[in-house]
Q: 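Mind looking over this structure? Questions follow.
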Amino acid sequence: MQQMADDVMDSSSGCGKQLSEAWHYMFGREPNYSAAYAAAIKAVESIALPMVEPNNKDSTLSKASRVMRDQHWKFQIEAREENNVPGGVIQLLMSGLMNSQPDRHGGPDSGVVSKEKAQAAVYSAVFLIQCFKAGLVRRPAI
């Protein structure tokens, strides 16, 4: 995981800078799990949004996930046809990452981001970024 993260963080890309921030918040001297989770989402957004919705300046990870579902995007590893979901397993991970952030909107139901949840978010971001960078996630042929 560290090597995959280093590969992204060593780049001058927006996702590299955001992932570096997420990694620092997660594993630095003074961890901030909420900030790590938020930066992980921003890192994925910085690579996925220009690919999924290049003309939508207001896109978010959640919106991009819905677009992928509606357009039936593909990933190189998919479930069997009867168990597959439109947009594939990658869009499920993107949606889960966005919608599982407990302190996202604040309010009375807002929760504290645990170390484990933040770690899962940062690791998921590394995986998603690498998949997008490698061209393993693709729009279906029209």
Side-chain angles (χ1 to χ4, degrees), residues 1-28 31-142:
M1 185 61 66
Q2 180 72 53
Q3 287 178 326
M4 286 175 36
D6 286 345
D7 178 55
V8 175
M9 292 186 291
D10 287 343
S11 73
S12 62
S13 66
C15 66
K17 292 174 187 172
Q18 291 290 340
L19 186 62
S20 179
E21 187 175 304
W23 200 268
H24 172 75
Y25 282 131
M26 183 70 227
F27 301 109
N32 180 332
Y33 302 133
S34 179
Y37 201 121
I41 288 173
K42 289 177 185 170
V44 176
E45 285 178 333
S46 69
I47 195 167
L49 301 186
M51 296 172 89
V52 177
E53 290 195 289
N55 299 320
N56 184 353
K57 295 178 187 173
D58 297 324
S59 189
T60 63
L61 194 60
S62 185
K63 289 177 185 176
S65 174
R66 284 193 299 272
V67 166
M68 290 173 69
R69 180 195 65 215
D70 294 346
Q71 293 178 354
H72 299 274
W73 280 56
K74 300 292 181 194
F75 177 56
Q76 293 299 316
I77 298 172
E78 295 292 343
R80 293 179 63 172
E81 189 66 35
E82 65 272 13
N83 297 327
N84 208 1
V85 294
V89 295
I90 288 294
Q91 77 84 23
L92 285 176
L93 183 56
M94 289 169 57
S95 179
L97 177 63
M98 186 71 182
N99 295 314
S100 293
Q101 186 180 8
D103 62 347
R104 182 168 160 221
H105 292 297
D109 294 331
S110 180
V112 174
V113 177
S114 69
K115 176 182 178 181
E116 294 78 14
K117 192 168 282 264
Q119 190 172 8
V122 172
Y123 286 169
S124 294
V126 171
F127 172 72
L128 287 165
I129 290 166
Q130 288 289 12
C131 288
F132 274 99
K133 278 182 62 176
L136 303 176
V137 183
R138 61 182 165 76
R139 184 184 314 267
I142 297 174

Q: Strictly distance-based, threshold 3.5 Å: is any side-chain N or O of S95 a donor or acceptor partner for the main-chain N or O of Q91?
A: no

Q: Aromatic rings W23 and Y123: how do their planes relate, parallel, tilted or perpendicular, breaks at 30° and 60°?
A: tilted

Q: For the residue pair P31 and M26, what are the closest heavy atoms and their distance?
A: CB-O, 3.9 Å

Q: Just verifying a value: how many Å separate M68 CE and K74 NZ, rounded to the nearest 0.5 Å?
A: 11.0 Å

Q: Could you measure the distance from the CG atom of L92 to the OG atom of S65? Nearest 0.5 Å is fine.
A: 7.0 Å

Q: Please enumerate all residues that pass side-chain contact (heavy atoms from CB on, under 4.5 Å) together with N55, with sequence neighbours excluded.
A: none

Q: Could you grab the distance from atom CG of L136 to atom CZ of F127, nearest 0.5 Å is fine?
A: 8.0 Å

Q: Run the side-chain contact (heavy atoms from CB on, under 4.5 Å) test against K63 and tell me which residues pass, sequence neighbours left out.
A: E53, D58, S59, T60, R66

Q: What pairs with A35 under side-chain contact (heavy atoms from CB on, under 4.5 Å), at least two apart in sequence or on another chain?
A: Y25, N32

Q: Could you list the donor-acceptor pairs under 3.5 angstrom formed by side chains in residues 40-52, with sequence neighbours left out?
A:
{"residue": "E45", "atom": "OE2", "partner": "L61", "partner atom": "N", "Å": "3.0"}
{"residue": "S46", "atom": "OG", "partner": "C15", "partner atom": "N", "Å": "3.0"}
{"residue": "S46", "atom": "OG", "partner": "A43", "partner atom": "O", "Å": "2.8"}

Q: Find out whether E116 and Y33 are in side-chain contact, i.e. whether some heavy atom of one side chain is under 4.5 Å from a heavy atom of the other.
A: no

Q: When you compare the side chain of K117 with that of Y37, does any pair of heavy atoms fall below 4.5 Å?
A: yes

Q: A side-chain contact here means heavy atoms from C-beta on lying under 4.5 Å apart; do N56 and V67 qualify?
A: no

Q: If you measure from OG on S114 to CD on Q119, what distance do you get to the nearest 0.5 Å?
A: 9.5 Å

Q: If I compare all heavy atoms of A36 with all of V122, which pair ends up nearest, and what's the gap?
A: O-CG2, 4.0 Å

